[in-house]
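Worksheet: one structure, shown below.
This structure is a prediction, so every number in the text was calculated from the model and none was measured. Every chain is numbered from 1 and lettered A, B, ... according to where its sequence line falls, protein lines coming before strand lines.
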Amino acid sequence: MQFETDIFNVAFEAVQKLFNVKVDTERIQLQRTKAEFEGDITLVVFSLTKISKKSPEETGSLLGHYLLNHSEIIQSFNTVKGFLNLVIKDEAWLHQLKKAQQHAHFGFAVSKKPGTVVVEYSSPNTNKPLHLGHIRNNLLGWSVAEILKADGNEVKKVNLVNDRGIHICKSMLAWLKSGNGETPQSTGLKGDHLVGKYYVEFDRMLREEKQLLMEQGLSEDEAEKKSTLMEEAREMLRQWENGDKDIISLWKTMNGWVYEGFDVTYRNLGVDFDKIYYESETYLLGKKIVEEGIKKKVFQKKPDGSVRIDLTEDGLDEKVVLRSDGTAVYITQDIGTARLRFDDYRFSKMIYVVGNEQDYHFKVLKLITKKLGYDWSDAIYHLSYGMIDLPSGKMKSREGTVVDADELLNDLFAESERITKELGKIDDFGSEEAKQLYRSIGLGALKYFLLRVDPEKRMLFNPAESIDFNGDTGPFIQYTFARIQSVLRKARMTEALCEYENRQFSNQHVINKEERELIIHLLQFPYVVHEAAEKLSPALIAHYAFSTARLFNHFYHHHSIADIENSDTSAFRLKLTAFTGKVIRSALQMMGIHAPERM
RNA sequence: GGUCCCGUAGCUCAACUGGAUAGAGCAUCAGCCUUCUAAGCUGAGGGUUACUGGUUCGAGUCCAGUCGGGAUCACCA
């Protein structure tokens, strides 16, 4: 918060002088004053009454007088119960505003922090197309990485493609059995969708087989074990790990289709990576580490051939790290991948953006790396985000209740086109320019919708209502930006005002209520960015961007910015408007949302 | 069953390390475009923060219990 340290220091000194005690720093609590009271910053004095041995009102009043006399920036104060509300001088705000406006990258950290932060996100399986849940993951990961960069961190975005394992074999097997040589070219299907079709097909065939077995009196578990299809899939995985030429070749082909499809979706979403890891390239290292771990007695080889780790003492269970047939499981490769990453980046922190359904997995991963003696184990952090629910419940790919990423994007682009055309504000745009705008508005709606919610919390998406373009939405913020640019454009074409950028205002410039509120809010931006980075929460940026837009619109409707008699006031307001635009653009940028000049 | 997470307005979400009268948007109702973009602005109604107790100057926030929802405890990922 702006002026926090200034006031803190004087308050600290005040307590010492007035009550003759050196206080613990946490006793001095500062916060923004609530809107319904007069003041900008509030000192909560309850915790100081024990020291002052006076009533909260009296304590506040004594401190208030001291602060008023010893701080340059305080205009006045009032006490309500145990709250000491401080009014900061307008000239102090204006002074800060001037400094902020001169800042080339206001809101972004000035100095670099030591160390490298690795952010893993996306991490798709190559057996099915991306859905809404993956979109939340991608946008969260991307945005968290950008926010960390803005806060001065060296950041590497990495993706871990889960390109091997039993699930891929299922798609391959189904394609071999009933694919008739279909390809993306022959079907016109996007590659990831084609492969996904066969993953679903495998599941259908398996259910059929299990049904037959269960009719013979087997339980579901037994049926799964007895299933010849499952056995074939497992056999395929063994052949794959043995490097069987045909299997590898088919695997390469089908994964290739998926990657082409993913690339399109990633491009649409505007996410990118510094490095892509493939499980097929890390699982062997994982297996090697497991072998070493057996010697170190971290893992135990069981009579059935499987390798396990006993985590019961840590409150968890016994965990398999290698199957009895020697093949690797999920955690095996994750151990290898983590180690490889450390060798690559020597990270000071590694953030895994992965859904909360895997909380257990990451507890295990952290524990295993710890037991293996890796000191970077503590640097592992699981950014665990909530699932997206539909009104009907959880999304399930097998039951076809998923919201497909590509479909959703296209729907949003179409909706944005419809609304834009209806409003008719960009009728002079060329078709390509218009198309770009439809995309950026559709994406703005989607990204804001997903990022505004606290990552930890699960959220609800209603396909029937889809995503709004009015109110607390991305397009509202984009619209406010476009409106700002429009005002500035007009002013630049006015002879009396075109020089507004070069005009300097005095700290004694008189400001109104709406301007004051907006200025104070704008000056919070760097603190918000810092907090968002600490909490790894793009939601804080989203809320901030929204309230910035709301405050600006409020100001806009109460005062005329450009066409007024007084050119000093006008120049001041134009500069304030331009600065607001800059802050909004930076905030949107951290969420990957484009700020359009017109819409 | 064990472990963990969640329950805030009709709906979707806020509420800084415990702080003042729990805030926004959507939806509903009533207003505002001869003026810088109405994807906007102004106003109204809407709450026992699931429930019961406790901790204290103060609890949506912390603790215990109850009810309701979810995740996980795979030789799936």
* Integer-rounded Å distance: C75(B) C1' and K301(A) NZ -> 14 Å
* Take atom C1' in C51(B) and the same atom in G7(B), then report the distance between them in whole Å. => 11 Å
* Asked: What residues, two or more places apart in sequence or in another chain, satisfy side chain to side chain contact (heavy atoms under 4.5 Å, CB included) together with Q300(A)?
  -> K302(A), D310(A)
* Only counting residues at least two apart or in another chain, list the ones meeting ring-ring contact (aromatic ring centres under 6.0 Å, His included) with F202(A). => none
* To do: Kindly say if K81(A) contacts the phosphate of U21(B), meaning a side-chain N or O under 4.0 Å from OP1 or OP2.
  => yes
* Asked: Rounded to the nearest Å, what distance is computed from the CZ atom of residue F525(A) to the P atom of nucleotide C16(B)?
  -> 21 Å
* Measure from CD on Q2(A) to P on C16(B) and round the result to the nearest Å. => 21 Å
* What is the distance from OH of Y352(A) to P of A77(B), rounded to the nearest Å? -> 16 Å
* Taking the P atom of each, how far is C32(B) from G19(B), in whole Å? -> 42 Å
* Asked: Does the ring of F546(A) meet both stacking tests against the six-membered base ring of A24(B): centre distance under 5.5 Å and plane angle under 30°?
  -> no
Please list, pair by pair, any protein nitrogen or oxygen found under 3.5 Å from a nitrogen or oxygen in nucleotides 34-38 of chain B.
| from | atom 1 | to | atom 2 | distance (Å) |
| --- | --- | --- | --- | --- |
| C36(B) | O3' | K490(A) | NZ | 3.2 |
| C36(B) | O2 | I561(A) | N | 3.4 |
| C36(B) | O2 | A562(A) | N | 3.1 |
| C36(B) | N3 | I561(A) | N | 2.9 |
| C36(B) | N4 | Y556(A) | O | 2.6 |
| C36(B) | N4 | H559(A) | O | 2.7 |
| U37(B) | OP1 | S486(A) | OG | 2.4 |
| U37(B) | OP2 | S486(A) | OG | 2.9 |
| U37(B) | OP2 | K490(A) | NZ | 2.7 |
| U37(B) | O2' | Y479(A) | OH | 2.3 |
| U37(B) | O2' | R483(A) | NE | 3.0 |
| U37(B) | O2 | K425(A) | NZ | 2.7 |
| U37(B) | N3 | M599(A) | O | 2.9 |
| U37(B) | O4 | A482(A) | O | 3.4 |
| U37(B) | O4 | M599(A) | N | 3.2 |
| A38(B) | OP2 | R483(A) | NH2 | 2.5 |

* Just jot down the salt bridge (charged side-chain N to carboxylate O under 4.0 Å, His left out) partners of R32(A), sequence neighbours excluded, or say none. => none
* Contact residues, residues 38-51 of chain A to RNA chain B [heavy atom, < 4.0 Å] -> T42(A), V44(A), F46(A)
Any protein N or O atoms within reach of nucleotides 29-33 of chain B? Criterion: under 3.5 Å, listing atom names and distances.
none

* **Partner residues of H167(A) under the side-chain hydrogen bond (donor to acceptor under 3.5 Å, both in side chains) criterion, sequence neighbours left out** => N162(A)
* **P spacing across the pair A14(B) / U66(B), given as an integer number of angstrom** => 28 Å
* Structure fact -> Note: contacts of residues 468-477 of chain A with RNA chain B (heavy atom, under 4.0 Å) are D468(A), F469(A), N470(A), G471(A), D472(A), F476(A)
* Asked: Got a sec, which residues hit ring-ring contact (aromatic ring centres under 6.0 Å, His included) with H557(A), two or more places apart in sequence or on another chain?
  -> none
* For nucleotides U37(B) and U28(B), find the distance between their C1' atoms and express it as a whole number of Å. => 27 Å
* Asked: Do you know which two heavy atoms are closest between T79(A) and S61(A), and how far apart they sit?
  -> CG2-N, 3.6 Å
* **5' precedence on RNA chain B between H167(A) and E318(A) (nearest-nucleotide basis)** => E318(A)
* Asked: Over how many whole Å does the gap from K319(A) atom NZ to C75(B) atom P extend?
  -> 7 Å
* To do: Pick the P atom in A50(B) and in U8(B), then give their distance to the nearest Å.
  => 6 Å
* Structure fact -> Rounded to whole Å, the CG-P distance (L540(A) to C13(B)) equals 16 Å
* **Closest to side chain of L460(A), choosing from A77(B), A71(B), U12(B)** => U12(B)
* Whether T49(A) side chain and S55(A) backbone form a donor-acceptor pair below 3.5 Å -> no
* May I ask you to decide if A223(A)'s main-chain N or O and S227(A)'s side chain share a donor-acceptor pair within less than 3.5 Å? => no
* C1' gap between C13(B) and A22(B), integer Å -> 14 Å
* Between R207(A) and D203(A), does at least one N-O distance fall below 4.0 Å, as a salt bridge requires? -> yes
* Identified stems (criterion: three or more consecutive Watson-Crick or G-U pairs, under 3.5 Å), RNA chain B -> B:1-7 with B:67-73, B:10-13 with B:23-26, B:28-32 with B:40-44, B:50-54 with B:62-66
* Asked: On RNA chain B, nearest-nucleotide positions of A539(A) versus N553(A): which is more 5'?
  -> A539(A)
* To do: Determine if the base of C11(B) is syn or anti; take syn to mean the glycosidic torsion is within 90° of 0.
  => anti
* Asked: Atom CD of E279(A) to atom P of A77(B): distance rounded to whole Å?
  -> 8 Å
* Report the distance from atom CG of N356(A) to atom CD of Q358(A), rounding to the nearest 0.5 Å. => 9.5 Å
* For residues T420(A) and S416(A), report the shortest heavy-atom separation together with the two atoms involved. => OG1-O, 2.6 Å
* To do: Taking atom CD of E456(A) as the centre, report whether more than 12 heavy atoms of other residues, nucleotides or ligands fall under 6.0 Å from it.
  => no
* Indicate, with yes or no, if the rings of W240(A) and Y283(A) have centres closer together than 6.0 Å. => yes
* **Separation of K34(A) NZ from N85(A) CG (nearest 0.5 Å)** => 12.0 Å
* Pairwise P distance, G70(B) and U52(B) [rounded to whole Å] -> 24 Å
* So which nucleotide from A77(B), A71(B), C75(B) ends up closest to the side chain of V320(A)? -> C75(B)
* Euclidean distance for C1', G54(B) against G18(B) (whole angstrom) -> 15 Å
Polar pairs (N or O, both sides) under 3.5 Å between protein and nucleotides 1-10 of chain B?
none

* Atom-to-atom span, CD of E465(A) to P of C11(B) - whole angstrom -> 12 Å
* Asked: Is the Lys NZ or Arg CZ of R483(A) less than 6.0 Å from the centre of Y556(A)'s six-membered ring, within 45° of the axis?
  -> yes
* **D40(A)-T33(A) side chain donor-acceptor pair, cut-off 3.5 Å** => no
* For V364(A), all residues meeting side chain to side chain contact (heavy atoms under 4.5 Å, CB included), sequence neighbours excluded -> L311(A), L316(A), K319(A), I331(A), Y360(A), I368(A)
* Salt-bridge contact K287(A)-E291(A) (side-chain N to carboxylate O under 4.0 Å) -> no
* What distance do F46(A) atom CZ and F83(A) atom CZ have between them, rounded to the nearest 0.5 Å? -> 4.5 Å
* Side-chain N,O (H554(A)) to OP1/OP2 (U42(B)) below 4.0 Å -> yes
